[in-house]
Amino acid sequence: MKKTFFVLGLAVVGAAANAQISFVGSPIFEDFDSLIASTGTFSATPGVQSAIPGEGQWQGTKLAGTGTTATGLLIGFGGQNAGSLYGLANAGSAEHALGSLASGSNIMAFGVQITNNTGGTLAWMNISFTQENWRTSTTTQNTIAASWARSSVSAATATDFLSSASSFTGETGWNLVGPAPVTTNGAIDGNVAANQVARNATLTFATPLANGESIWVRWQDVNDAGNDATLAIDNMTISGNATPEPATMAALGLGVAALLRRRKK
C-alpha cells in the first residue's frame with residue numbers, strides 16, 4: 001500500500017524532535033507503511049523521546065525497564081519476544097502497523113502531537129483506527145492504555161509528552177486490549193480480520209481548541225504478568241470540524257458586503 005501524506009489538503013510537519021501532524025481541516029489518513037527498522041533509535045534512559053524511523057512525526061520512548069542498551073524500531077511479524085516498539089508486517093510485505101511489546105527490559109510508549117492549523121477553532125476531533133493483534137499473551141489480557149492532553153492545559157512539552165503525568169485524560173475508546181491469554185503464547189496474523197478490532201473516539205472540547213493549539217495523543221504499554229502480547233495500530237483517520245475565528249468571519253462579511261455593493265452599481 002502506498003504511503004499517503006496528503007488527503008484533501010493534509011499537511012504534515014517534518015521529522016524534528018518536536019515534529020507534529022498539522023491538521024488543516026481535511027481528514028488525515030495514516031497507514032504506517034513507511035516504518036523502517038533502525039538500531040539504537042530509542043534511548044535506554046526512560047523518558048528520552050525520539051522520532052520513530054520512517055514516521056518522524058510520531059514519537060517513541062522507553063518508559064521503564066532494566067535494559068541498559070538502546071533499542072531501535074524492530075520490524076517483525078509477532079514472532080519476537082523482545083521488549084520494543086515494532087513495525088508489524090507479514091514476511092515480505094510493505095504493509096506495516098505501529099505497535100509495542102513490553103518486557104522487563106523495555107516498556108515503551110508511542111504517540112503524536114496534532115496541531116490545529118485550520119485558521120479557526122475546533123469543537124471536536126475524532127480519531128479512528130484498526131487495532132491489530134500480532135502476538136498473544138499468557139496469564140493476563142494485556143492493555144496498552146491511551147490518553148490525551150491539550151497543550152494549553154498540560155505542563156507536558158513536545159519532547160516529554162509520552163512520559164509526562166501532567167493533565168492527561170484516559171480515552172478507553174483508543175485503548176488496545178489484547179486477546180484472551182493462552183497457555184503458550186506466540187505469533188498471530190494481525191492482518192486477519194479475526195485479529196483486528198475497530199477503535200474510535202471523539203474528543204469534544206469544553207473550550208474549543210484554538211488555532212495553533214495542540215493535543216498530544218499517546219499509548220503507554222506496561223509489563224504485565226507472564227508473557228506479553230504485541231498490539232498495534234493501523235489505518236488511522238483524524239478528522240474535525242473547524243469554526244472560523246471571529247475576525248475571519250468579520251472579514252468574510254465585509255468582503256461579501258463589498259461584493260453586493262459592487263453588484264448594485
Q: Give the C-alpha distance, both sets of side-chain angles, the deciding distance and a yes or no for side chain to side chain contact (heavy atoms under 4.5 Å, CB included) between Arg199 and Val177.
A: CA-CA 10 Å; Arg199 299 293 183 194; Val177 181; 3.7 Å; yes
Q: Taking the side chain as C-beta and beyond, is there a heavy-atom pair between Trp124 and Ser239 under 4.5 Å?
A: yes
Q: Looking only at heavy atoms, what is the nearest atom pair of Ala97 and Asp234, with distance?
A: CB-CB, 3.8 Å
Q: Do you know which two heavy atoms are closest between Asn116 and Leu209, and how far apart they sit?
A: ND2-O, 3.0 Å
Q: Walk me through whether Leu98 and Glu55 qualify under side chain to side chain contact (heavy atoms under 4.5 Å, CB included).
A: CA-CA 10 Å; Leu98 174 61; Glu55 296 284 354; over 6 Å; no
Q: Would you say Val112 ends up clustered with Met125 if hydrophobic residues are merged whenever their side chains have heavy atoms under 4.5 Å apart, either directly or through other cluster members?
A: yes
Q: Can the ring centroids of Tyr86 and Trp134 be said to lie less than 6.0 angstrom from one another?
A: no
Q: Locate the shortest heavy-atom distance separating Ser137 from Asp228; write the atom from each residue and the value.
A: CB-C, 4.0 Å
Q: Please name the pair of heavy atoms, one in Gln80 and one in Ile75, separated by the smallest distance, quoted to 0.1 Å.
A: NE2-O, 3.4 Å
Q: Which pair of non-hydrogen atoms, one from Leu231 and one from Ile144, has the smallest distance, and what is that distance?
A: CB-CD1, 3.9 Å
Q: Cut-off 3.5 Å, side chains only: do Thr130 and Gln196 have a donor facing an acceptor?
A: no
Q: Cluster question for you: counting only ILVMFWY and a side-chain heavy-atom cut-off of under 4.5 Å, with indirect links fine, are Leu122 and Trp174 together?
A: yes
Q: Under a 3.5 Å threshold, yes or no: a donor from one side chain and an acceptor from the other, between Ser164 and Ser166?
A: no
Q: Just do the side chain to side chain contact (heavy atoms under 4.5 Å, CB included) check on Thr121 and Phe205 with the steps written out, would you?
A: CA-CA 10 Å; Thr121 61; Phe205 304 114; over 6 Å; no
Q: Quick check: does any side chain N or O of Thr157 sit under 3.5 Å from a backbone N or O of Thr159, one acting as donor and the other as acceptor?
A: yes
Q: Out of curiosity, does Trp219 fall in the hydrophobic cluster containing Leu162 (side-chain heavy atoms, cut-off under 4.5 Å, transitive links)?
A: no
Q: By the ring pair (Phe, Tyr, Trp, His ring centres under 6.0 Å) test, which pairs, at least two apart or in different chains, include something from residues 220-239?
A: none
Q: Among Val192, Val197, Asn191, whose side chain to side chain contact (heavy atoms under 4.5 Å, CB included) with Asn195 holds?
A: Val192
Q: When hydrophobic residues are tied together by side-chain contacts of less than 4.5 Å, even through go-betweens, does Phe129 share a cluster with Ile28?
A: yes
Q: Which of these passes side-chain hydrogen bond (donor to acceptor under 3.5 Å, both in side chains) with Asn126: Thr204, Asn241, Thr202, Thr237?
A: Thr202
Q: Go through the side-chain N and O atoms of Ser100 and Asp221 and say whether any donor and acceptor fall under 3.5 Å apart.
A: yes
Q: Treat each ILVMFWY residue as a node, draw an edge where side-chain heavy atoms are under 4.5 Å apart, and state whether Ile188 and Leu88 are in one component.
A: no
Q: Can you name the nearest heavy-atom pair linking Leu176 to Phe110, along with the distance?
A: CD1-CZ, 4.5 Å
